[in-house]
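All figures in this text were calculated on a predicted structure; none of them were measured in a lab.
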Amino acid sequence: MGQGLSCRERRENALFGAIRDGELELVEALAEADRSSLAQTKGRGKLSPLHVAAANGRFEVLSMILDRCGNPDILNRQRQTPLMLATMHGKIACVQRLIEAGANILMFDSVNGRTCLHYASYYGHSDCLKAILSAARSDPVANSWGFARFVNIRDAGGATPLHLAARQRRSECVHVLLDHGALVCASTGGYSYPGSTPLHLAARGGSLECVRELLAWGANRLQLDSSGRIPFTVALKNKNRACAALLNPSAAEPLVWPSPLKFISELNPDAKALLERALMEANLEREKAILKEAVSESSPLNPDIEIDDNVSEASEVELCCICFDQLCTIEIRPCGHQMCAHCLLALCCHKKPHLMATCAAAPLCPFCRSSISQLVVANINTNNEREVESSPSKPRRSRKSNFSEGSSSFKSLSAMGSFGRMGGRNSGKVAAESSEDVDKP
């Protein structure tokens, strides 16, 4: 009998070794010899062949096992599914294949009561996170909960995926979760320090990128945890000076992404990228001023975003008639007026909304005062594509943005007198007949 058990163990080791190494032909041969082998588990962890294939990213082997067994939600000793292990190790192809096979995205493990969404956030695999969130919009189990509830699902310690991403310094996952409706000011239960918000956890972890992202989505710098501490105090205690400087209640408020506005929530990807970039540039300018004396030159705050200067100094381009500094990149529908992304953000989120206040009225087009129903990317024309009427007062594109000097200030409005002096539907050009009345910027 001892020899029989030894032979079985050798076959199991051969099978699991072949799965781990991705040897598809050998796995198929061993499965043909013993059809029950693919349903076996191994070791104290009770790992199935599907678990091993998913954790090691063996897509072809995993697909073969799914085709033969058909159960994507087999559990190991800790009630972890193959989808959880694939997500933990960032195996995006296996994650997508398991979701296609009908893997349940609402399974909870027995370790911390976490789902695959928690795993993706904790380990920082934003591609897996996006795949799971995409599946949640159509998955019948997630639909029974509601998408918003799924994005903010809590583990056994009361932590949402956003809490885990902020604590582990996963800034890209923080952005993805916030963009999909994660609650920026939700408090934890027993996880970490009770009552902590994602901003408390980001301050504890010392991630400047996570702090920046959370503030830009409206995180409250004055919210207390269960011990009565604000994020600023938590950052100081953990010696995260740069984070503390941004979280200081006396520091200037950052611009906040105007997500409650309907035309903002319905932005197409290109227009959204332009506005997000403008928001980041504005807040980076604010951070430079705050951190100038708080941190040394070796601070991790090195802006990753630089203004793209694709247009030469000599070319005539269509400039924003509000700031006369940036290109007109956003077009307002249905009126068709154009302005730069920086000024549009100043129009939409010129000051942080009060938490207890009712939703502010949607802004109107500053040129014609009509309602804004949609924002799209504007067509940028240069004199290489069309002839431009030359004018000694026509502004040229500048390399430096004036947006950082005040998110609520429209510097050029006083110089221009009124929007009625601007001609045409394109805001970047001043009508010839009124050019004498318009002061030069």
Side-chain angles (χ1 to χ4, degrees), residues 45-48 50-57 62 66 71-184 186-192 196-198 201 210:
K46 293 186 178 181
L47 293 175
S48 70
L50 197 59
H51 283 101
V52 177
N56 289 276
L62 180 134
L66 285 173
N71 179 19
D73 293 324
I74 187 171
L75 302 176
N76 65 7
R77 187 181 186 87
Q78 297 176 330
R79 297 188 61 81
Q80 294 169 320
T81 64
L83 179 59
M84 292 179 186
L85 297 190
T87 303
M88 178 192 301
H89 296 280
K91 308 302 182 183
I92 181 60
C94 292
V95 168
Q96 293 171 336
R97 180 66 181 88
L98 286 163
I99 291 175
E100 291 174 2
N104 188 346
I105 60 177
L106 269 176
M107 299 286 285
F108 295 82
D109 66 22
S110 61
V111 182
N112 295 299
R114 292 177 179 171
T115 66
C116 55
L117 193 66
H118 291 98
Y119 277 83
S121 304
Y122 185 91
Y123 290 99
H125 302 302
S126 59
D127 51 353
C128 297
L129 186 63
K130 292 175 183 176
I132 296 168
L133 289 171
S134 177
R137 294 191 180 277
S138 57
D139 187 279
V141 179
N143 284 339
S144 65
W145 273 44
F147 183 79
R149 184 182 176 190
F150 175 75
V151 173
N152 295 285
I153 190 171
R154 294 180 181 270
D155 65 9
T160 66
L162 183 60
H163 286 114
L164 301 181
R167 181 63 181 91
Q168 296 302 119
R169 304 167 57 93
R170 313 296 188 186
S171 58
E172 190 171 351
C173 290
V174 167
H175 177 80
V176 171
L177 288 165
L178 289 170
D179 195 34
H180 284 80
L183 298 177
V184 71
S187 299
T188 62
Y191 177 75
S192 186
S196 296
T197 66
L201 298 176
C210 290

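The heavy-atom pair separating P82 from A54 by the smallest distance is O-CB, 3.4 Å. Minimum interatomic distance between A165 and C210 (heavy atoms only, all atoms of both residues): O-SG, 4.3 Å. Between S126 and E172, the closest heavy-atom pair is OG-OE2, 3.1 Å. Nearest heavy-atom pair, N76 versus Q80, reported as atom, atom and distance to 0.1 Å: OD1-N, 2.8 Å. Taking both residues in full, the closest heavy atoms of L177 and S121 are given as CD1-OG, 3.6 Å, listed atom of the first, atom of the second, then distance. In terms of heavy atoms, V184 sits closest to L162 at CA-CD2, 4.0 Å.
At a threshold of 4.5 Å between non-hydrogen side-chain atoms, the residues I153 and L106 count as touching. A heavy-atom distance below 4.5 Å is not found between the side chains of L183 and T160.
Taking the six-membered ring where the residue is Trp, Y123 and H125 present parallel rings, their angle staying beneath 30° rather than reaching 60°.
Sorted by first and then second residue, the salt bridge (Lys or Arg N to Asp or Glu O under 4.0 Å) pairs with a member in residues 72-84 form an empty list; sequence neighbours excluded.
Separation of atoms CG (L129) and CZ (R170) is listed at 12.0 Å; rounding is to 0.5 Å. The line from CE of M107 to OG1 of T81 is 6.5 Å long, rounded to the nearest 0.5 Å. F108 contributes atom CZ, which lies 12.5 Å from atom CZ of R154 (distance to the nearest 0.5 angstrom).
A donor-acceptor pair under 3.5 Å links the side-chain atoms of D109 to the main chain of N112, judged by distance alone.
Looking only at atom types and distance, the side chain of H51 has a donor-acceptor partner in the side chain of S48 under 3.5 Å away.
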Donor-acceptor contacts under 3.5 Å from residues 83-99 side chains, at least two apart:
| residue | atom | partner | partner atom | Å |
| --- | --- | --- | --- | --- |
| T87 | OG1 | L83 | O | 2.7 |
| R97 | NE | S63 | OG | 3.3 |
| R97 | NH2 | D67 | OD1 | 3.2 |

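Partners of R114 according to the salt bridge (charged side-chain N to carboxylate O under 4.0 Å, His left out) rule, which considers only residues two or more places apart in sequence or in another chain, are D155.
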